[in-house]
Amino acid sequence: MVFDDFSGWRDSILLTPGPLTTSKTVRMRLLSDYGSWDQAFIDITAEVRQRLLDLANVTPETYTSILLQGCGTGGIEATFLTCVGEKGKVLVAVNGAYGERHVRLLQYAGIPHEVLRFGENVPVSADDIAAKLAEDPSITHVCATHCETTTGIMNPVEMIGDTCRDADVSFIVDAMSTFGAVSLDVGKAGIDYLISSSNKCIEGVPGFCYVIARKEPFCACEGQSRSLTFDLYDQWQYMEKCGRFRYTPPTGVTAAFLQALRELEDEGGVEARQQRYHENHRVLVEGMRDIGFRTFLPEVLQSHIITTFLYPDDKFFTFEEFYERLYREKYVIYPGKLTDTDCFRIGNIGRIFPDDMRDVISAIERIVRDMGVSFG
């Protein structure tokens, strides 16, 4: 049997919104095999579920956490399919591509919904949501994205949560790119369902998503899922009873995620990780501006999660060549997702540090010089 020769191999640094660069110790946990009925794996699952509640600043008396095989989008779809009843209607606040994906999920499921759209450089307005809820009393749920990684813009979920609480509607938050790196008290923010995934700011690897659900509305969801695989309530009941996933679990991924959670605690928790990501962002933006690049968002609207940069106005710049040259130097970035603007995105999250950002700035400066790009 022939194996690849990994001598001299250097891992790429993922400057993306996920999957992210992970620690070697997290990846080492993938090397252990577990059976789905093993007590060791049941204990891992239980610890993960409790640690997620701790990160959300909530208690098992009022909230629960459910792990579900698959990607983060699957977690959002499962929440829609399980938690929006036959008489339910969802108001989706959209200011980027990921909000538009929520709309597509509802369309596929045939769930009644309304869409409130904002510009890609405009935060979602809690006042506009309040007006829409007053206008349409049939709305039972509001869905918003915490950080819209189309641009990196942050949406005011605490203000939206207050609005939802006042209107007595449930609040669903896509927190894929923020949970674990942005301080948030889920209960105080009025969030009923928060969804994220294993490969984001907690710095695990892809394989499952999770939902942190407020028990009062969630306990009324029994039997109303439109899907067996995505029945969050049934998954929760099985986990509560047996401590296991209903179907084949991502064993190694869950063990790696527990290691990532422990490393988050060792780093100093959410506040410390948030501070590191903020410094990554500062170094990146200052360095890119020194080269001549411009950010899409003004600093007041920009999160520390991911930053969108505009293409240089120069005939020698092509994103494809820029991307490939960076890739050959083991840096992976993301293309833009803006509707009408040429741009690309660089993430500040994952197991990366300010010195990594300085290194990528040096690489970018050298690459654009070699491409002959001029910043007029």
Can any side-chain N or O of Q235 pair as donor or acceptor with the backbone N or O of I66 at less than 3.5 Å?
no

Check for me, please, whether V332 and I306 land in the same ILVMFWY cluster - side-chain distances under 4.5 Å, paths through other members count.
no

Does R351 come within less than 4.0 Å of E267, counting only side-chain N to carboxylate O?
yes

Any ring-ring contact (aromatic ring centres under 6.0 Å, His included) pairs touching residues 262-287, not counting sequence neighbours?
H278-H304

V205 backbone acceptor or donor facing S198 side chain under 3.5 Å
yes

Compare all side-chain heavy atoms of V173 with those of I195 and state whether any distance is below 4.5 angstrom.
no

Closest heavy-atom contact between D192 and Y63?
O-CE2, 4.4 Å

Once you round to the nearest 0.5 Å, how far does CG of L20 lie from SG of C201?
6.5 Å

For the pair D128 (side chain) and L116 (backbone), establish whether a donor and an acceptor sit closer than 3.5 Å, ignoring hydrogens and angles.
no

All heavy atoms of G99 vs all of V92, minimum pair found to be O-CG1, 3.9 Å

Please answer whether the main-chain N or O of G187 pairs with a side-chain N or O of D185 as donor and acceptor at a distance below 3.5 Å.
yes

Got a donor-acceptor contact below 3.5 angstrom from the S196 side chain to the M176 backbone?
yes

Once rounded to the nearest 0.5 Å, what's the spacing between atom CG of L91 and atom CD1 of I139?
4.5 Å

Nearest heavy atoms of A78 and L68, plus distance in Å:
CB-CD2, 3.6 Å

Test side-chain hydrogen bond (donor to acceptor under 3.5 Å, both in side chains) on S197 and N199; report intermediate values, then the result.
CA-CA 6 Å; S197 62; N199 58 291; 3.1 Å; yes

What heavy-atom pair brings I42 and G243 nearest, and what distance separates the two atoms?
CG2-O, 3.8 Å

Give the C-alpha distance, both sets of side-chain angles, the deciding distance and a yes or no for side-chain hydrogen bond (donor to acceptor under 3.5 Å, both in side chains) between T307 and R345.
CA-CA 6 Å; T307 312; R345 296 175 292 163; over 6 Å; no

For residues 334-360, which residue pairs qualify under ring-ring contact (aromatic ring centres under 6.0 Å, His included), counting only residues two or more places apart or in two chains?
F293-F344, F309-F344, F322-F344

Sidechain-backbone polar pair: D38 side chain, G35 backbone, donor-acceptor under 3.5 Å:
yes

Gap between atom CD1 of I361 and atom CD1 of I291 - 0.5 Å precision
4.5 Å

Contact list for residues 78-125, test ring-ring contact (aromatic ring centres under 6.0 Å, His included), sequence neighbours left out
none

Please write out which residues are connected to I153 in a hydrophobic cluster, directly or through intermediates, given that two of Ile, Leu, Val, Met, Phe, Trp, Tyr count as joined at side-chain heavy-atom separations below 4.5 angstrom.
F296, L297, V300, L301, L310, L338

Mind checking whether T318 and Y323 have side chains closer than 4.5 Å, heavy atoms only?
no

With E240, which residues qualify under salt bridge (charged side-chain N to carboxylate O under 4.0 Å, His left out), at least two apart?
R49

Side chain of E148, backbone of T150: donor and acceptor closer than 3.5 Å?
yes

K337/E120 salt bridge by N-O under 4.0 Å criterion
no

The side chain to side chain donor-acceptor pair (under 3.5 Å) partners of E100 (sequence neighbours excluded) come to R117

When rounded to the nearest 0.5 Å, the distance separating CZ of F375 from CG of D290 is 11.5 Å

Check for me, please, whether F171 and V182 land in the same ILVMFWY cluster - side-chain distances under 4.5 Å, paths through other members count.
no

Side chain to side chain donor-acceptor pair (under 3.5 Å) against R294, all qualifying residues, sequence neighbours excluded:
none

Which residue pairs pass the salt bridge (Lys or Arg N to Asp or Glu O under 4.0 Å) test when at least one of the two sits in residues 19-35, sequence neighbours left out?
D11-R27

Once rounded to the nearest 0.5 Å, what's the spacing between atom CD1 of I349 and atom OG1 of T178?
9.5 Å

Can you name the residues that form a side chain to side chain donor-acceptor pair (under 3.5 Å) with Q237, not counting sequence neighbours?
none

Can you tell me if T21 uses its side chain to pair, donor with acceptor, with the backbone of I13 under 3.5 Å?
no

Can you sort out the partners of D234 under salt bridge (charged side-chain N to carboxylate O under 4.0 Å, His left out), two or more places apart, ordered by chain and number?
R246

Do the side chains of K215 and E61 get nearer than 4.5 Å, heavy atoms only?
no

So Y233 and W236, would you call those rings parallel, tilted or perpendicular, with 30° and 60° as cut-offs?
perpendicular

Which residues share a side chain to side chain donor-acceptor pair (under 3.5 Å) with R369, sequence neighbours left out:
none

Measure the spacing between CZ of R244 and CE of M239 and express it to the nearest 0.5 Å.
10.5 Å

Any donor-acceptor pair under 3.5 Å from T82 side chain to S225 backbone
no

Using only heavy-atom distances, determine whether the side chains of D136 and S138 contain a donor-acceptor pair under 3.5 Å.
yes

Taking only Lys NZ, Arg NE, NH1 and NH2, and the carboxylate oxygens of Asp or Glu, determine whether K188 and E158 approach each other closer than 4.0 Å.
no

Taking only Lys NZ, Arg NE, NH1 and NH2, and the carboxylate oxygens of Asp or Glu, determine whether D162 and R165 approach each other closer than 4.0 Å.
yes

How far apart are the closest heavy atoms of R358 and D355, and which atoms are they?
NH1-OD1, 2.8 Å

If we count only N and O atoms by modelled type, under 3.5 Å, do the side chains of D43 and Q39 hold a donor and an acceptor together?
yes

Result block: side-chain N/O donor-acceptor pairs under 3.5 angstrom for residues 251-261, not counting sequence neighbours:
| from | atom 1 | to | atom 2 | distance (Å) |
| --- | --- | --- | --- | --- |
| T254 | OG1 | P250 | O | 2.7 |
| Q259 | NE2 | E263 | OE2 | 2.7 |

What pair of heavy atoms forms the shortest contact from R214 to I191, and how long is it?
CB-O, 4.5 Å

Do S183 and E271 get their side chains close enough for a donor-acceptor pair, meaning under 3.5 Å?
yes

Is there a donor in the side chain of S227 and an acceptor in the side chain of T229, or the other way round, less than 3.5 Å apart?
no

Using modelled atom types only, decide if a donor and an acceptor are shared between the side chain of E329 and the backbone of A363 within a distance under 3.5 Å.
no

Between E203 and R276, is there a salt bridge with N-O shorter than 4.0 Å?
yes

State whether E286 and R289 are salt-bridged, where the test is any N-O pair (Lys NZ or Arg NE/NH1/NH2 against Asp/Glu carboxylate O) under 4.0 Å.
no

